[in-house]
Amino acid sequence: MKKSRISAAAILLACSLYQGVCYAADWSEYRGPNHDGITSESINTAWPQGGLKPLWTAPTPNGFSSFAVGGGEAFTIVGRDGKEECIALDGKTGKELWSIPTDAMKYQGGGDSGTPDNKGGDGPRSTPAYADGKVYGYTSDLVLYCLDAKTGRKDWIIDMEKEHGGKNISWSNASSPVIDGELLFVAAGGPGQSFLGIDRKSGKVVWKSGTESITHATPVVADILGTRQVIFFVQSGLVSLSPTTGKQLWKFPFKYSTSTAASPVVCGDIVYCSAGYGVGGGAAKITKSGSEFAATEMWKISGNGEVANHWSTPVYKDGYLYGMFSFKRFGVGPLKCVEVATGKVVWTKDGFGAGQVIMAKDKLIALADNGEVVIVDPTPDSYKEVARMKAVSGKCWSTPALSDGHLYVRSTKEAACFDVSAK
C-alpha cells in the first residue's frame with residue numbers, strides 16, 4: 001500500500017510539472033470522449049433544497065451547440081451579431097477567453113422558451129471537439145475548421161461544398177465533428193466523398209468514400225465484435241466504415257423523412273436508431289463471419305409515439321435505453337426506459353420535452369428543455385427521481401457535459417457550471 005501511495009504521488013507531481021496543470025476526465029466532444037454520452041465519473045446527488053448554486057454563469061445567446069471541455073476550458077458555438085461564433089470560456093470562472101466568427105448565423109428569432117409553443121430555430125447546433133490543444137468546429141454551411149484552444153487562431157479550414165462537392169440539407173448542417181485517435185470524421189455529402197477521414201493536425205484528407213445524402217445526425221465511433229468502426233446515420237440508413245480506411249463494413253437500410261437528427265446508439269452488438277416525422281425507431285443486430293459483417297433488423301416501430309427520437313439521443317445501460325422519446329412535444333414530452341432487444345417501453349415519465357441525457361456511472365443526468373436538471377436512477381424497475389433543480393433559463397436542446405466533477409449546461413440564453421463532484 002505504501003508503495004502505491006508513493007507511485008500516485010509521483011504521478012501527481014509529474015502532472016503538475018507538465019505545463020503546470022493536470023486536467024482529468026475531459027468531455028472532449030459531442031456526447032463525450034466515448035461518443036456514447038457515458039462517463040465513469042461518480043457525482044454527488046445529495047443536493048440542498050432548491051438545488052445547487054452555480055459556480056458561474058455566462059451568456060450563450062442563440063443555438064443548441066453543447067459544450068466540449070478540455071485543457072481547463074469549455075468550448076461551444078453561439079449566435080451573435082448575425083454570426084456563428086466559436087467561443088472559449090474559462091472552466092473555473094466562466095470568463096470568455098476568446099470568440100471567433102466562423103459563419104453567418106442561420107434561423108434567427110425562433111424563440112427561446114422550452115414550452116409547447118416552441119417555434120424552433122435559434123442558430124448554430126453543431127458542437128465543437130477538443131484534442132491536444134486544438135478545437136474543431138463544423139459550421140451550418142459545412143465549413144470544417146481547426147482553432148488553437150488558447151488563442152482561437154485558425155490553423156486550417158476546409159469548405160466541404162467548395163472543396164469536396166458537399167451538398168447541404170434543409171435547416172443546414174447540425175452534425176458535429178467526431179475524433180478518434182489522430183483522425184477526425186465528418187459527413188459532407190459529395191459524390192464519392194460523402195464520408196471523410198481527416199488528419200486532425202494537418203487538415204489533410206486521409207480517406208474519402210461513399211455517395212450518400214447527409215442528415216443532421218452526428219456519427220459515432222465504437223467497437224463492435226472486436227472491430228473499431230465509425231457509424232454514420234445518412235438518408236439511406238446506417239453505414240458503418242473502417243475508421244482507418246473508410247471501407248464499408250456493413251449497412252442497415254432505414255427510412256428517412258424530412259430530418260434525421262439523433263445519433264445511433266451502440267448497445268454491444270445491437271445498434272439502435274430513430275427519427276421523427278413519422279419514422280420511429282428500430283434496432284439492427286450486427287453479426288460477423290470471418291471478416292464480413294452483416295446487419296439484420298431486430299425490430300422497427302413506426303410513428304411519432306413509442307420510440308421516436310426527434311434529436312434527443314438516448315444512452316444505453318444493461319439492456320435498456322434511457323432518454324427523451326417524443327416528437328414536437330416541447331416542454332411536456334417524456335423520459336422513457338426502453339428495452340433495446342424489443343423496443344418495448346418499460347416506463348415513462350412526462351415533463352421533459354426535447355432535452356438530452358447523459359450517464360454518470362450509475363446516475364442518469366437529464367437536461368429538460370425548460371432548463372431543469374434531473375438526476376434519475378437508471379433502472380427498468382420504475383422511474384426513480386433522485387434530485388432536481390432549475391439550472392438555466394431559456395430553451396435547452398443541447399446535451400450536458402460532465403468533466404472532472406463539473407456539470408456544464410447551456411441554453412439559448414445562458415450557460416452554467418455546477419460542482420457535482422462526489423464528496
So CD1 of Ile198 and CD1 of Ile179: to nearest 0.5 Å the spacing works out to 11.0 Å

Minimal non-hydrogen separation, Ile38 against Tyr316, with atom names: CD1-O, 3.4 Å

Parallel, tilted or perpendicular: which one describes the rings of Trp347 and Tyr383, with boundaries at 30° and 60°? perpendicular

Heavy-atom distance under 4.5 Å between the side chains of Ile224 and Val271, does that happen here? yes

Salt bridge or not between Glu29 and Lys134? Use side-chain N to carboxylate O under 4.0 Å. no

If we ignore hydrogens and angles and just use 3.5 Å, is the side chain of Ser194 paired with the main-chain N or O of Gly210 as donor and acceptor? yes

Taking side chain as C-beta onward, heavy atoms only, is Lys363 less than 4.5 Å from Asp377? yes

If every non-hydrogen atom of Pro124 is compared with every non-hydrogen atom of Ser140, which pair is closest and at what distance? CA-OG, 4.4 Å

With a 3.5 Å cut-off and no angle check, do the side chains of Asp148 and Thr151 form a donor-acceptor pair? yes

Roughly how far, to the nearest 0.5 Å, is CG of Asp122 from CZ of Phe64? 4.0 Å

Working to the nearest 0.5 angstrom, can you tell me the gap between Lys83 NZ and Thr139 OG1? 11.0 Å

Side chain Glu414, main chain Ser393, donor-acceptor under 3.5 Å: yes

Is it true that atom CD of Glu306 has more than 12 heavy atoms of other residues, nucleotides or ligands lying nearer than 6.0 Å? no

Looking only at non-hydrogen atoms, find the nearest pair between Tyr30 and Gln356 and report the distance. OH-NE2, 4.1 Å

Take Thr399 and Ile358 through the test side chain to side chain contact (heavy atoms under 4.5 Å, CB included) and record every step on the way to the result. CA-CA 7 Å; Thr399 302; Ile358 61 174; 3.6 Å; yes

Can you tell if the side chain of Leu321 reaches within under 4.5 Å of the side chain of Tyr272, non-hydrogen atoms only? yes

Hey, does the side chain of Asp103 reach the backbone of Asp141 with a donor-acceptor pair shorter than 3.5 angstrom? yes

Taking the inter-plane angle between the rings of His310 and Tyr277 on a 0 to 90° scale, is it parallel (under 30°), tilted (30 to 60°) or perpendicular (over 60°)? perpendicular

I'd like to know if the side chain of His216 pairs up with that of Ser175 as donor and acceptor (distance under 3.5 Å, no hydrogens or angles considered). no

Given the options Cys146, Pro177, Cys86, Val135 meets side chain to side chain contact (heavy atoms under 4.5 Å, CB included) only with Cys86

When every non-hydrogen atom of Thr244 is compared with those of Leu183, the smallest separation belongs to CA-CD1, 4.4 Å

Checking side-chain polar atoms at under 3.5 Å, does Asp419 have a donor or acceptor matched by the opposite partner on Ser421? yes

Between Ser411 (side chain) and Val392 (backbone), is there a donor-acceptor pair under 3.5 Å? no

Working to the nearest 0.5 Å, report the span between CG of Asp180 and CZ of Arg200. 10.0 Å

To the closest 0.5 Å, what do you measure between OG (Ser274) and CH2 (Trp311)? 13.0 Å

Is a salt bridge present between Glu385 and Lys349, judged by a nitrogen-to-oxygen distance below 4.0 Å? no

Kindly indicate whether the side chain of Thr260, heavy atoms from C-beta on, has any atom under 4.5 Å from the side chain of Val279. no

Close side-chain approach of Asp369 and Phe330, heavy atoms under 4.5 Å: yes

Main-chain N/O of Ser66 paired with Thr127 side-chain donor or acceptor, under 3.5 Å: yes

Heavy-atom closest contact (Leu364 atom, Pro378 atom, distance): N-CD, 3.9 Å

Tell me whether Lys167 is salt-bridged to Glu212, with the criterion being a basic N under 4.0 Å from an acidic carboxylate O. no

Looking at Leu407, Val357, Val376, which hits side chain to side chain contact (heavy atoms under 4.5 Å, CB included) with Ile365? Leu407

Can a donor-acceptor pair be found, under 3.5 Å and without considering hydrogens, that links the side chain of Glu41 to the backbone of Gly405? yes

About how many Å separate OH of Tyr138 and OG of Ser126, when rounded to the nearest 0.5 Å? 8.5 Å

Keeping the roles fixed (side chain from Thr60, backbone from Arg410), state whether a donor-acceptor pair exists under 3.5 Å. no

Does either side chain, that of Arg125 or that of Ser176, offer a donor lying less than 3.5 Å from an acceptor on the other one? no

Salt bridge (charged side-chain N to carboxylate O under 4.0 Å, His left out) between Glu372 and Lys390, worked out: CA-CA 4 Å; Glu372 287 188 317; Lys390 180 70 171 181; over 6 Å; no

Would Arg153 count as a cation-pi partner of Tyr145, with NZ or CZ less than 6.0 Å from the six-membered ring centre and within 45° of the ring normal? no

Just so I know, are the side chains of Ile77 and Glu85 near enough to count as touching, which here means a heavy-atom distance under 4.5 Å? no

Ser259 vs Trp171 side-chain heavy atoms within contact, under 4.5 Å: yes

Do Val69 and Phe75 have side chains that get closer than 4.5 Å, going by heavy atoms? no

Within 45 degrees of the axis of the six-membered ring of Phe252 and under 6.0 Å from its centre: does Lys300 put its NZ or CZ there? yes

Can any side-chain N or O of Thr215 pair as donor or acceptor with the backbone N or O of Phe233 at less than 3.5 Å? yes

Just by distance, with hydrogens left out, do Gln229 and Ser240 show a side-chain donor and acceptor under 3.5 Å apart? yes

Considering all heavy atoms, the nearest Val265-Pro314 contact: CG2-O, 3.5 Å

Is the side chain of Trp299 donor-acceptor paired with the backbone N or O of Val340 at a distance under 3.5 Å, no angle test? yes

Looking at Trp397, does the NZ or CZ of Lys395 lie under 6.0 angstrom from its six-membered ring centre and within 45 degrees of the ring axis? yes

Are Arg31 and Asp36 close enough, and set up right, to give a salt bridge (charged side-chain N to carboxylate O under 4.0 Å, His left out), and what steps lead you there? CA-CA 6 Å; Arg31 302 191 73 239; Asp36 57 5; over 6 Å; no

Check: Thr93 main-chain N/O paired with Asp90 side-chain donor or acceptor under 3.5 Å: yes

